[in-house]
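Because only heavy atoms are used, hydrogens play no part in the values below, and waters and symmetry mates are left out as well, while side chains stay in. Sequential numbering from 1 along the given sequence is applied to the chain's residues.
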Amino acid sequence: MPILNLPLRFTNASSAEAAAVARPPQAGPARPDLARWWTRLNDPILDALVDEAVSGNLDVASARAAIREARASQRQQVATLLPFVDGGASATRARSGGGQSGNTSTRNTFRAGFDAGWELDLFGGNSRAVEAATRGLEVAENDLDAVLLTLVGDVSSAYVELRGYQARIALARRTAASQRATAALTRSMFDAGSASALDLSRATAQAASTEAGIPSLEAAYADTLHRLGVLLGQPPTALAARLDPARNIPAPGRLPAPGLPADLLMARPDLRAAERQLAQATALIGQAEASRYPAVSLSGTLSTAALRIGDLTKSSSIAWSIGPAASVPLFDAGQRAAAVEGTQAQRDRYYVLFRNAVLQALREVESAMVALAQERIRTARLTEAAAANREAAQLSRTLFQTGASSFLDVLDAERSLYSSEDALLQSRIAIATDYIALNKALGGGWDGEIDTRRPEIVDADMGPRVRRRSTP
């Protein structure tokens, strides 16, 4: 693990702790409890959607295939440390003679044998290649965890947004209906001579303006619904009937403790993957360095030849050879040295990428804690504002009907009420979204079992095929 200068604690941890429910006093910062964090949004439908996404998402399927590929590559590299044996056989028919003598002879020759070899790997080139392949497998496994973390967060965020659009559409429709009723009342008063044409025009315009915002909300709702369907690996409209009944915007319960910055190195799969990439690049330096030294191997052959195939195991000639072989690099115009420098530069690049990933992770946690704490304060103020605007709208409507207030006061009160209630809904959406972002930043993802050995496509009849002449 490279040396990193990490802060001892999160600067904004106090903000997150103030936003969380009370906890018993403890000696030091608690490690964040991230196990199935989305269940604390208290929505069974969301829980089911996350489970379905893990099993059906296509990015997860791609990451599983990448693990199988990395695992096969590792097995290939491990095989280079072991001896190999190849078998071979041949049959020839030859004719000789003729010419002036007219004597010809034809004979058959059958051969069978084995070739074997083993590279001693004196300077560890193959061993470092195995190490690099192992680190590559670990990178692929952590990449899968990172995909799952992103997937759980995306499904949760999309679901919160979808419920938020449903609530905002319902609010807009209720408000528009109320404003249409106000416009109808104004028309009755206009017909009776107690309201002006200006009042009637303003009431009609405000209702139409509120209704004009509904199509945009409907389009955003449909886009979120389609995105959620694709995240589950299903057609975009597959969840339309299932999610059509509106439900409350999910609200988080117990908030996670931020823990220590050092916890991120193990909790976040993207940081683990970045560190494993650095380790893989370091192993490749050793592999490139080993290629600059001699290579020693043992090889041997054993073969038998006979004039008849039945004599290969008895009346046949046998030949064999065994011995070491060495290959010494003498002059390559600096090719191998350049390869070493290239792997060292690659190692440096992955080191910088790892450090940057750590800094970005710290930034995401700090920002998520501040956003969540401040949004909770904003929600409290918006709740107060919505209650006051609701009372003001009722009072202004009563005063207008008695002639004690102008119609402009009614319009302003209704406009302020709708604006504050819509802002309150958006703030509740933001609280749930910030809660999701904080759990993602802390490394909360899927912690269940994932079958990475099952292929997506089961190949059948993959053996050798005899070519047949096609009939005309």
I'd like to know if the side chain of [X] reaches the main chain of [Y], judged simply by a donor and an acceptor atom lying under 3.5 Å from each other, with no hydrogens or angles considered.
| X | Y | answer |
| --- | --- | --- |
| Ser209 | Ala205 | no |
| Trp118 | Leu298 | no |
| Asp121 | Gly125 | yes |
| Asn57 | Val54 | no |
| Trp446 | Asp51 | no |

Measure the [atom1]-[atom2] distance between [X] and [Y] for me, rounded to the nearest 0.5 Å.
| X | Y | atom1 | atom2 | value |
| --- | --- | --- | --- | --- |
| Leu362 | Leu6 | CG | CG | 6.0 Å |
| Arg376 | Ser427 | CZ | OG | 10.5 Å |
| Ile169 | Arg174 | CD1 | CZ | 12.0 Å |
| Thr343 | Asp348 | OG1 | CG | 10.0 Å |
| Ile450 | Leu148 | CD1 | CG | 5.0 Å |
| Asp43 | Trp38 | CG | CH2 | 14.0 Å |

Residue pair [X] / [Y], side-chain donor-acceptor N/O under 3.5 Å:
| X | Y | value |
| --- | --- | --- |
| Arg347 | Tyr351 | no |
| Ser299 | Asp115 | no |
| Glu119 | Thr80 | no |
| Asn389 | Ser416 | no |

Any salt bridge (Lys or Arg N to Asp or Glu O under 4.0 Å) pairs touching [range], not counting sequence neighbours?
| range | answer |
| --- | --- |
| residues 427-447 | Asp154-Lys440 |
| residues 58-75 | Arg64-Glu456 |
| residues 128-142 | Arg128-Glu131, Arg135-Glu138, Glu138-Arg276 |
| residues 385-398 | Arg390-Glu421, Arg397-Glu414 |

Could you report the tightest heavy-atom contact between [X] and [Y], atom names first, then the distance?
| X | Y | result |
| --- | --- | --- |
| Ser73 | Ala133 | O-CB, 4.3 Å |
| Pro250 | Val160 | CG-CG2, 4.1 Å |
| Ala63 | Leu144 | CB-CD1, 3.6 Å |

Problem - Gln335, CD atom: more than 12 neighbouring heavy atoms under 6.0 Å - result: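 Incorrect, the count does not exceed 12.
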Problem - side chain to side chain contact (heavy atoms under 4.5 Å, CB included) evaluation trace for Tyr159 with Leu243 - result: CA-CA 9 Å; Tyr159 182 80; Leu243 300 179; 4.1 Å; yes
Should [X] and [Y] count as an ion pair when the cut-off is N to O under 4.0 Å?
| X | Y | value |
| --- | --- | --- |
| Arg268 | Glu364 | yes |
| Arg254 | Asp33 | yes |
| Arg227 | Glu161 | yes |

Practice task
Please test Leu162 against Leu225 for side chain to side chain contact (heavy atoms under 4.5 Å, CB included), starting from the C-alpha separation and ending with a verdict.
Solution key: CA-CA 7 Å; Leu162 182 138; Leu225 176 68; 3.8 Å; yes
Residues 281-296 side chain polar contacts: donor-acceptor under 3.5 Å, at least two apart:
from, atom 1, to, atom 2, distance (Å)
Thr282, OG1, Leu278, O, 2.9
Ser291, OG, Ala288, O, 2.6

Exercise for the section: Sequence neighbours left out, what passes side chain to side chain contact (heavy atoms under 4.5 Å, CB included) with Gln360? Give chain and number order. Expected result: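 In terms of side chain to side chain contact (heavy atoms under 4.5 Å, CB included), with neighbours along the sequence ignored, Gln360 is linked to Asn356, Arg363.
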Handout entry: Step-by-step side chain to side chain contact (heavy atoms under 4.5 Å, CB included) determination, Val365 to Met369
Key = CA-CA 6 Å; Val365 174; Met369 287 190 295; 3.9 Å; yes
Practice task
Check step by step if side chain to side chain contact (heavy atoms under 4.5 Å, CB included) holds for Val139 and Arg272.
Solution key: CA-CA 8 Å; Val139 169; Arg272 298 198 305 265; over 6 Å; no
